[in-house]
Visitor: 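Supplied in structure tokens, the structure appears directly below.
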2 protein chains.
Amino acid sequence: MTDDFLKQLGHLALASRLKRISDKMIHSGREMYKHLGLDIEPNWYLVFKLLKEEKELSVTEISAALQMSHPSIISIINKMIKSGYLNSRKCQDDGRKQLLSLSDKTKNVYPQLEKIWTAGTQGVAQMVGETDLLELLDMIEARLDQKSFMEMTLENIESNGQ
Amino acid sequence: MTDDFLKQLGHLALASRLKRISDKMIHSGREMYKHLGLDIEPNWYLVFKLLKEEKELSVTEISAALQMSHPSIISIINKMIKSGYLNSRKCQDDGRKQLLSLSDKTKNVYPQLEKIWTAGTQGVAQMVGETDLLELLDMIEARLDQKSFMEMTLENIESNGQ
DNA sequence: TCAACTTATGTAGTTAGCTACACAAATATA
DNA sequence: TATATTTGTGTAGCTAACTACATAAGTTGA
């Protein structure tokens, strides 16, 4: 018997435990950048890595690639622009679009960032060990895409009620 | 090659993926309560279940059991009190303490809530299948408690730099 | 017994997601 | 070609966690 009530709840508390772990890691990531004297936030690596690969993307394209809502992306990129890490220019062909790319400032610090991300990847790999956690997450996300947690639960309520 | 950039990032994006899954499930849980006509929020089940078991607890005790900060607990219980699901009384022995317990309203709807949570537990169990996901989470949380993600990463930066 | 410390609660302000709505630009269609 | 629809971006307002600070009540020890 542990004093961690979430563990006791078993499957019911899955979402809460996933949230607890991710919150803790994200918070620790924020501390790490601060410790290293960088004005970078934990979720920016997604945009950095994506734009390193794709060179120039619109808000909607970033939103689709990261599977996050476009208001979330706007909030992230506005901070990154303000801090000088992204360039933004209006698209010539389509006046609605804003095209984002990495700034020179970013290109200068990129080697340092890569070292941090490499070390972070190693840290997660050490934590996860030889387990197949990432494959499990693939499976869970695939199942959640097929049928939402609400749908699954409502179906179970239905069939339990028979 | 998938169009989900987070998957491509492998271990590096673990925290982001855990967040994405938990956010999705929590959001779906909110919709479910709404669909069922209940004015209950997704994270309240933790307090309901805990107080069902322990009868009467203070803010700090709830905070410890759920491993959440006390301001988070205050925010949750204030809403639950406002909605009539919790009773609060001042502790006689210790005037600083607020003692929380389940209200009659809660006791009346509890059977219905149990059905929902049972169905939700089944839903998660179906999603997780025969895997050992919960044990993996136990392991990861234990390792994170020993050494934070920041510490792990900084150590790796150090040793990579040699 | 009273000052210093500790503990329990509460408040303020931050970050990170989200949906719903607004609006402008592009495209499609009658 | 003019109107209607779609698409891309942006804003407002929501939830949920956190830390840091404030305050009040208990406890301890000189």
Side-chain angles (χ1 to χ4, degrees), chain A residues 6 15-31 33-34 39-47 57-83 88-100 148, chain B residues 6 15-31 33-34 39-47 57-83 88-100 148:
Chain A
L6 267 67
S16 300
R17 292 190 65 189
L18 295 178
K19 179 164 176 55
R20 193 165 72 175
I21 295 172
S22 62
D23 281 351
K24 199 173 282 184
M25 289 182 71
I26 290 165
H27 181 260
S28 195
R30 181 185 313 282
E31 273 193 319
Y33 284 117
K34 196 175 168 186
D39 59 335
I40 286 178
E41 309 221 4
N43 52 6
W44 292 5
Y45 77 100
L46 295 168
V47 177
L57 292 176
S58 69
V59 169
T60 302
E61 288 166 335
I62 296 174
S63 165
L66 303 185
Q67 294 188 15
M68 287 168 62
S69 71
H70 80 267
S72 301
I73 301 302
I74 289 174
S75 159
I76 292 170
I77 62 156
N78 279 344
K79 287 181 206 158
M80 294 178 76
I81 291 169
K82 201 173 175 185
S83 302
S88 166
R89 70 181 182 89
K90 245 204 156 62
C91 179
Q92 292 305 317
D93 306 343
D94 189 334
R96 297 167 301 178
K97 285 190 190 173
Q98 171 185 188
L99 295 176
L100 290 314
S148 76
Chain B
L6 267 66
S16 301
R17 291 190 66 191
L18 296 178
K19 180 164 177 56
R20 193 164 72 176
I21 295 172
S22 63
D23 281 351
K24 199 173 283 183
M25 290 182 70
I26 290 166
H27 181 260
S28 196
R30 182 185 312 283
E31 274 191 320
Y33 284 116
K34 197 174 167 185
D39 59 336
I40 285 178
E41 309 221 5
N43 52 6
W44 293 4
Y45 77 100
L46 294 168
V47 176
L57 292 175
S58 68
V59 169
T60 302
E61 287 166 336
I62 296 174
S63 165
L66 303 185
Q67 294 188 15
M68 287 167 62
S69 71
H70 81 268
S72 301
I73 301 302
I74 289 174
S75 159
I76 293 170
I77 62 157
N78 279 344
K79 288 181 206 157
M80 294 179 76
I81 292 169
K82 200 171 174 185
S83 301
S88 167
R89 70 180 182 91
K90 246 205 157 59
C91 180
Q92 292 306 316
D93 305 343
D94 188 335
R96 296 167 303 177
K97 285 190 188 172
Q98 172 184 188
L99 294 177
L100 290 315
S148 77

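Here is the naming used below: chain letters follow the sequence lines, and residue numbers restart at 1 for every chain. Quick caveat, the model's predicted, so the values are computed rather than measured.
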Visitor: May I ask you to test the B/His27-B/Asp23 pair for a side-chain heavy-atom distance under 4.5 Å?
Guide: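 Side chain of B/His27 against side chain of B/Asp23, heavy atoms only: no contact under 4.5 Å found.
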
Visitor: Going by number, which of residues 19-26 of chain B have a non-hydrogen atom under 4.0 Å from DNA chain C?
Guide: B/Lys19

Visitor: State whether the distance check finds a donor on one side and an acceptor on the other, under 3.5 Å, for side chain A/Arg96 versus base D/dT9.
Guide: no

Visitor: Can you sort out the partners of A/Ser88 under side chain to side chain contact (heavy atoms under 4.5 Å, CB included), two or more places apart, ordered by chain and number?
Guide: A/Ile81, A/Gln98, A/Leu100

Visitor: Using a 4.0 Å heavy-atom cut-off, does A/Lys90 contact any base of the nucleic acid, only the sugar-phosphate backbone, or nothing at all?
Guide: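 It contacts nothing in the nucleic acid.
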
Visitor: With sequence neighbours left out, write down each residue that passes side chain to side chain contact (heavy atoms under 4.5 Å, CB included) with A/Arg96, or none if nothing qualifies.
Guide: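 Residues passing side chain to side chain contact (heavy atoms under 4.5 Å, CB included) with A/Arg96: A/Asp94.
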
Visitor: For a quick test of reading the model, state the closest non-hydrogen atom pair linking B/Ser16 to A/Tyr45 and the distance between them.
Guide: OG-OH, 2.6 Å

Visitor: Counting only side-chain nitrogens and oxygens, does A/Arg30 get under 4.0 Å of the OP1 or OP2 atom of D/dC18?
Guide: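 Indeed not, no polar side-chain atom of A/Arg30 lies that close.
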
Visitor: After noting the C-alpha distance and the side-chain angles of B/Asn78 and B/Lys82, does the key distance pass the side chain to side chain contact (heavy atoms under 4.5 Å, CB included) rule?
Guide: CA-CA 6 Å; B/Asn78 279 344; B/Lys82 200 171 174 185; over 6 Å; no

Visitor: The criterion is side-chain hydrogen bond (donor to acceptor under 3.5 Å, both in side chains); which residues satisfy it with B/Glu61, sequence neighbours excluded?
Guide: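 Partners of B/Glu61 by the side-chain hydrogen bond (donor to acceptor under 3.5 Å, both in side chains) criterion, ordered by chain and then number, come out as B/Ser58.
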
Visitor: Restricting to salt bridge (Lys or Arg N to Asp or Glu O under 4.0 Å), what partner residues turn up for A/Lys97, sequence neighbours left out?
Guide: none

Visitor: Under a 4.0 Å heavy-atom cut-off, which of residues 58-75 of chain A touch DNA chain D?
Guide: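 Contacting residues: A/Ser58, A/Val59, A/Thr60, A/His70, A/Pro71, A/Ile74.
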
Visitor: Find the distance A/Lys97:NZ to D/dG10:C1' and express it as a whole number of Å.
Guide: 16 Å

Visitor: Check residues 62-74 of chain A and write down every donor-acceptor pair under 3.5 Å in which the side-chain atom is one partner and the other belongs to a residue at least two apart or another chain.
Guide:
| unit_1 | atom_1 | unit_2 | atom_2 | d |
| --- | --- | --- | --- | --- |
| A/Ser63 | OG | A/Met68 | O | 2.6 |
| A/Ser69 | OG | A/Ser72 | N | 3.4 |
| A/Ser69 | OG | A/Ser72 | OG | 2.9 |

Visitor: What is the distance from CZ of A/Arg17 to P of D/dA17, rounded to the nearest Å?
Guide: 16 Å

Visitor: Using heavy atoms to find the nearest nucleotide of DNA chain C for A/Gln92 and B/Gln98 separately, return the residue whose nucleotide is more 5′.
Guide: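 By nearest-heavy-atom nucleotide position, the 5'-most residue is B/Gln98.
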
Visitor: I need the CG-P distance between A/Leu100 and D/dG8, as an integer number of Å.
Guide: 15 Å

Visitor: Apply salt bridge (Lys or Arg N to Asp or Glu O under 4.0 Å) to B/Asp39 and list each qualifying residue two or more places apart in sequence or on a separate chain.
Guide: B/Lys105

Visitor: Using chain A heavy atoms and a threshold of under 4.0 Å, write down where along DNA chain C the contacts begin and end, 5' to 3'.
Guide: C/dT15 to C/dA26

Visitor: Listed by chain and number, what are the side-chain hydrogen bond (donor to acceptor under 3.5 Å, both in side chains) partners of B/Ser22, not counting sequence neighbours?
Guide: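 Counting only residues at least two positions away or on another chain, B/Ser22 forms no side-chain hydrogen bond (donor to acceptor under 3.5 Å, both in side chains).
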
Visitor: Tell me every residue that passes side chain to side chain contact (heavy atoms under 4.5 Å, CB included) with B/Asn43, counting only those two or more places apart in sequence or in another chain.
Guide: B/Glu41, B/Ile76

Visitor: Tell me what B/Asn78 touches on the nucleic acid: a base, only sugar-phosphate, or nothing, going by heavy atoms under 4.0 Å.
Guide: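 The answer is nothing, as B/Asn78 stays clear of every strand by at least 4.0 Å.
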
